[in-house]
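Here's a structure for you.
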Amino acid sequence: MNKEIALELKNICKYFPGGVIANKNANLTLYKGEILSLLGENGSGKTTLMNMISGIYFPDEGQIFVGGKEVSIRGPKDAFDLKIGMVHQHFKLIDVFTAADNIILGEEMPKYSLKEAFKQIKDDCASAENKAKGVLLAALKTAALPFIKIGKFIAFNHLARQRAKKLQEIVGKYGFNIDLSKYIYEMSVSEKQTVEIIKVLYRGADILILDEPTAVLTPQEIKKLFAVLREMKKDGKSIVIITHKLNEVMEISDRVAVLRKGEHVGTVNTTETSEKALAEMMVGKKLDLNIERKDPADPKPRLILKDITVLNKEGGRAIDGVSFSVNGGEILGIAGISGNGQKELLEGIAGLQKVESGEIIFHNPKENKPVTFFHKDLKQIKKMAAEGFFHYPDGNKVDLTGKSNKEITRLVNEEQILFYEDEIIDLRHRTPREIQELGIKLSFVPEDRLNMGLVGNMSIIDNMALRSYRKGRSIFVNKKKPKALADTIIRDLEVVTPSDMTPVRRLSGGNVQKVLVGREISSSPKVLMAAYPVRGLDINSSYLIYDLLNKQKEKNVAVVFVGEDLDVMMALCDRILVLCHGRVMGIVPGRTVTKEDLGLMMTGSLDLSKKAAEDAVPSAEETAEATVKEAENDQE
Amino acid sequence: MISFIAQSIRMSAAFLFGSTGEIITEKAGHLNLGIPGVMCMGAIGGAIGARLYVSSLADISQISAFPAFVIPLLFCLVLASLMGVLYSFLTVSLRANQNITGLAISTFGAGFATFVNNIIPKEGFKEIGYIYFKLFPSTEKLGAFGELFFSYGAMVYLAIIIAIGASLILKKTRVGLHLRAVGESPATADATGINITEYRYTATIVGSAIAGMGGLFYFFDMNGGSWPYSDAISALGWLSIAIVIFSIWKPDLSIFSSIIFGLLYRLQYFMASATLSQKTLIGMLPYVITILVLIVTSIVGSKKAQPPASLGLNYFREER
């Protein structure tokens with residue numbers, strides 16, 4: 001094949017502050033008239049690489065060639081000029097404008113030079129037959145020039161004319177089905193995406209980059225999109241499509257480029273590869289990370305989810321009928337491509353998002369522990385005692401009838417009233433505060449590290465006090481305990497900070513994370529949910545966090561760990577639950593599962609959920625067998 | 001009755017200048033609460049211009065219409081624009097908080113105007129005021145029609161022309177489209193290659209210049225060249241900001257809402273028999289109506305009746 005090269009990247013490197021390597025020596029070749037898939041896990045640097053082509057970032061090292069010429073792309077405008085257009089995952093559209101207005105936004109007017117126009121008039125005047133008439137005409141025309149200039153600048157009616165011609169041409173050419181006079185806020189996600197694509201085409205792009213275009217579409221809409229893409233390919237456009245879905249890669253692309261941890265692993269022709277081979281390329285070989293992992297001691301269900309459904313902002317099902325249980329004393333990993341429902345799941349449990357249906361049952365480990373006034377008032381204790389929930393230390397049943405309130409208070413304060421068994425609580429209709437006080441802690445969601453848990457302008461000490469401010473009785477805040485806690489965290493977690501009075505905003509991302517996770521763990525939780533706790537941290541800090549999680553596990557805490565690095569998850573977690581499109585693809589043991597299986601499950605190519613439905617974890621052999629079988633089925 | 005309506009329409013020009021200027025500024029995403037101060041500066045700029053013109057003449061009787069109209073207007077535009085430059089330098093370039101900057105400019109403008117007013121001789125201002133007061137010489141023959149449509153000074157017609165022009169530019173032109181894009185989502189506009197800083201500076205300065213004319217109009221036309229106190233002009237500025245909300249950020253609607261506010265504003269002077277407390281109650285009406293409009297537009301939730309999405313937010317390119 002002797003094809004013309006449209007775009008070539010050579011040894012592109014991009015580093016982010018804090019020593020994060022987004023891309024390292026990435027090489028990529030894009031031919032004219034082909035569809036290239038860019039495949040890779042989260043954080044493998046796909047979007048960063050494409051952003052460097054579309055002018056959002058500038059590469060630290062390496063060269064970009066467009067049409068054989070080396071170029072420097074300093075901003076979105078440079079990319080437009082090179083006929084490169086990118087459709088971002090988050091649409092850049094203005095809600096209160098019509099589709100047409102959005103499409104023509106920012107387009108430059110053809111230059112109108114007064115000098116040239118004047119020269120034209122002069123020439124006309126010189127060549128005119130009747131001298132007097134020519135001069136008069138020239139004078140009139142010259143007088144009109146400033147007005148023409150202003151008119152051109154403001155460009156009355158220019159919009160309408162453009163709309164009619166060029167836009168309809170594009171819409172007709174590629175078979176888009178859209179009403180351009182519609183307002184964006186009235187549009188569906190798929191229509192918005194269409195507008196974005198037309199916008200890029202209108203600007204004359206020959207190289208189109210689509211960042212996860214299918215993530216938000218229904219299967220029918222994906223079909224339509226692919227038809228349009230094929231039409232563009234016929235027209236000689238080069239298309240890069242970033243995606244996680246292997247079946248789509250196989251369907252649409254001519255070639256597949258795979259990135260892993262910022263590096264280009266290889267490019268293969270789609271016809272010469274298989275989903276399994278691609279998954280292997282994507283996740284790579286298993287690494288040994290040397291994280292100490294003890295077997296869970298006496299795992300008992302702590303949190304049981306039954307058929308949970310949570311809606312996302314658009315009203316779609318972010319979490320769709322998910323059931324599983326988390327045991328005390330183990331780490332349950334949740335793996336999945338980001339945006340497949342992890343955030344909604346955790347927030348649903350923590351009470352921050354409405355759970356549409358299902359049950360979340362919490363087993364509060366209270367057996368033989370004294371009842372306190374912390375969660376319960378006198379009335380509740382009396383009622384529960386009447387129902388036979390409590391016993392005395394000597395084993396006799398508690399009977400509070402006839403006892404005065406004062407006496408009961410004394411008994412409770414002296415820890416004389418003990419629970420018979422664990423408390424069973426349905427969390428679904430509890431407020432986030434109640435859920436927190438029961439000891440279920442959501443550690444953090446990384447996109448909003450500062451917003452979700454810490455106040456940036458307040459010092460570390462004050463941030464510690466945020467968790468406990470309700471406990472005090474005085475109107476003044478007691479800063480002794482928060483200070484002690486802050487100092488412990490700074491010492492134990494090696495937080496780099498000038499002092500414990502430094503505003504959290506001024507710390508680096510990793511140190512903010514340490515403060516946050518330290519505070520959550522210090523509150524002795526019963527369930528600890530940590531989402532991406534090591535994102536952006538260096539190796540040493542990451543290991544500190546893993547140690548912390550392991551320590552919690554030894555304290556019989558049920559730990560839920562949402563992660564992105566599969567090697568870490570396989571080394572740290574006792575069981576790994578894989579989410580794809582809000583559904584559980586399976587729960588597999590972390591010690592024996594293979595990386596390829598996880599990769600296939602994350603991309604929706606392997607579904608073990610039927611086996612895991614009863615929450616009975618299949619043994620290692622069974623899993624392996626099932627994997628092979630499923631994989632074979634997929635091949636067919 | 002006719003004269004009451006005519007008076008109100010005359011009055012509405014002050015609101016119209018202020019609100020048109022503020023709408024242009026707000027469409028670019030800047031909530032310029034300094035409009036009261038800008039209007040004071042416009043008025044005092046006019047006074048400075050008038051004083052310089054009068055002092056250049058040998059005698060007050062030499063005052064001729066054209067320079068007497070244009071020179072104060074130019075000074076008014078320059079001073080008001082300077083406030084716009086100051087505001088946009090603080091908020092666009094230095095990224096200061098918009099509300100605080102606006103309030104600072106409000107107080108500064110009012111104070112500066114009072115100060116200059118105290119040191120400036122007002123010789124000949126009455127004559128200049130008369131030039132501002134009337135554009136068409138004899139309208140008595142036309143009766144009520146003439147009084148309603150042709151009895152005003154040039155500034156009133158100018159206000160309406162500017163409002164219609166602003167409306168056309170915002171709605172129909174590329175410049176207007178870009179300006180609205182900057183106010184709705186600067187990040188999107190930036191990504192398409194629109195120069196945010198340029199648009200925000202220009203909109204704020206042009207908006208301030210227009211608003212400043214409101215102060216000039218009130219000083220020379222409504223008050224006939226005698227200083228009306230900074231407070232009175234500031235009050236017009238605050239009402240203009242209310243009118244922006246009332247006319248849901250549309251300059252063409254703002255013509256009608258300015259007239260409504262003009263009617264309500266003049267009502268207390270028209271009702272001679274009313275007691276003081278009744279007059280004060282009537283004086284409250286414009287503000288009550290503004291609150292009602294806010295409630296209605298918020299409940300209806302129509303996307304088109306909302307303020308520009310990034311109103312009051314400064315734009316940083318580094319923040320993704």
Side-chain angles (χ1 to χ4, degrees), chain A residues 16-17 47-48 51 54-57 74-81 85-98 100-110 150-163 182-187 192 195-196 199-200 202-203 447, chain B residues 23-24 26-29 97 162 164-199 202-203 206 248-250 297 300-311 313 315-320:
Chain A
F16 282 127
T47 304
T48 312
N51 276 339
S54 63
I56 308 249
Y57 297 138
R74 291 261 165 203
K77 239 179 136 194
D78 290 353
F80 285 137
D81 294 342
M86 181 159 173
V87 175
H88 294 269
Q89 212 175 345
H90 304 285
F91 302 136
K92 296 199 164 176
L93 296 171
I94 294 170
D95 267 0
V96 291
F97 285 12
T98 62
D101 281 348
N102 264 294
I103 291 165
I104 60 166
L105 190 67
E107 194 199 23
E108 272 178 90
M109 293 295 301
I150 292 169
K152 290 265 183 195
F153 174 68
I154 296 177
F156 271 94
N157 292 325
H158 187 76
L159 307 187
R161 262 187 282 132
Q162 285 286 336
R163 225 175 260 171
K182 213 167 161 185
Y183 283 89
I184 298 294
Y185 63 80
E186 296 167 337
M187 287 188 163
K192 284 181 195 172
V195 174
E196 282 276 14
K199 187 167 146 190
V200 169
Y202 178 78
R203 289 234 157 171
E447 295 97 280
Chain B
I23 287 172
I24 292 173
E26 289 198 11
K27 277 288 180 188
N97 181 302
I162 288 176
I164 292 171
S167 171
L168 281 176
I169 287 177
L170 281 176
K171 256 199 248 168
K172 297 274 184 196
T173 70
R174 187 162 298 256
V175 173
L177 182 71
H178 290 185
L179 183 69
R180 283 186 289 141
V182 168
E184 288 292 340
S185 166
T188 306
D190 197 15
T192 55
I194 295 171
N195 188 336
I196 308 288
T197 313
E198 188 186 310
Y199 268 92
T202 315
V206 170
I248 51 174
W249 292 269
K250 291 193 168 89
T297 52
V300 174
S302 157
K303 280 266 185 183
K304 284 180 199 169
Q306 298 303 318
S310 72
L311 179 63
L313 305 173
Y315 177 62
F316 306 77
R317 183 182 255 179
E318 291 83 357
E319 280 183 3
R320 277 182 295 120

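The figures here come from the full heavy-atom set of this structure, side chains too, leaving out hydrogens, waters and symmetry mates. So you know, we letter chains A, B, ... as the sequences are listed, proteins then strands, and number each from 1. On a predicted model such as this, the values are computed, not experimentally measured, just so you know.
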**Taking every non-hydrogen atom, the tightest pair across B:Pro308 and B:Gly183** =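 Nearest pair, atom of B:Pro308 first, then B:Gly183: CB-O, 3.7 Å.
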**Request:** Would you please name every residue forming a salt bridge (charged side-chain N to carboxylate O under 4.0 Å, His left out) with A:Asp95, sequence neighbours left out?
**Result:**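 For A:Asp95 the salt bridge (charged side-chain N to carboxylate O under 4.0 Å, His left out) partners, ignoring immediate neighbours, are B:Lys303.
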**Asked** If you count heavy-atom pairs under 4.5 Å between each of B:Gly176, B:Ala189, B:Ala309, B:Ala181 and chain A, which one has the most?
**Response**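 That would be B:Ala181.
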**Request:** Tell me, for A:Phe91 versus chain B, whether the close heavy atoms (under 4.5 Å) come from the side chain, the backbone, both or neither.
**Result:**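 Neither the backbone nor the side chain of A:Phe91 comes within 4.5 Å of chain B.
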**Request:** Indicate yes or no for a side-chain donor-acceptor contact from A:Glu196 to the backbone of A:His88 under 3.5 Å, with no hydrogens or angles considered.
**Result:**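 No, A:Glu196 side chain to A:His88 backbone: no donor-acceptor pair under 3.5 Å.
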**Residue, of A:Tyr183, A:Phe80, A:Tyr185, that accumulates the most heavy atom pairs under 4.5 Å with chain B** =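 The answer is A:Tyr185.
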**Prompt:** Do any N or O atoms from the side chain of A:Lys199 and from the backbone of A:Leu93 form a donor-acceptor pair under 3.5 angstrom?
**Reply:**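 Looks like no, no N/O pair under 3.5 Å.
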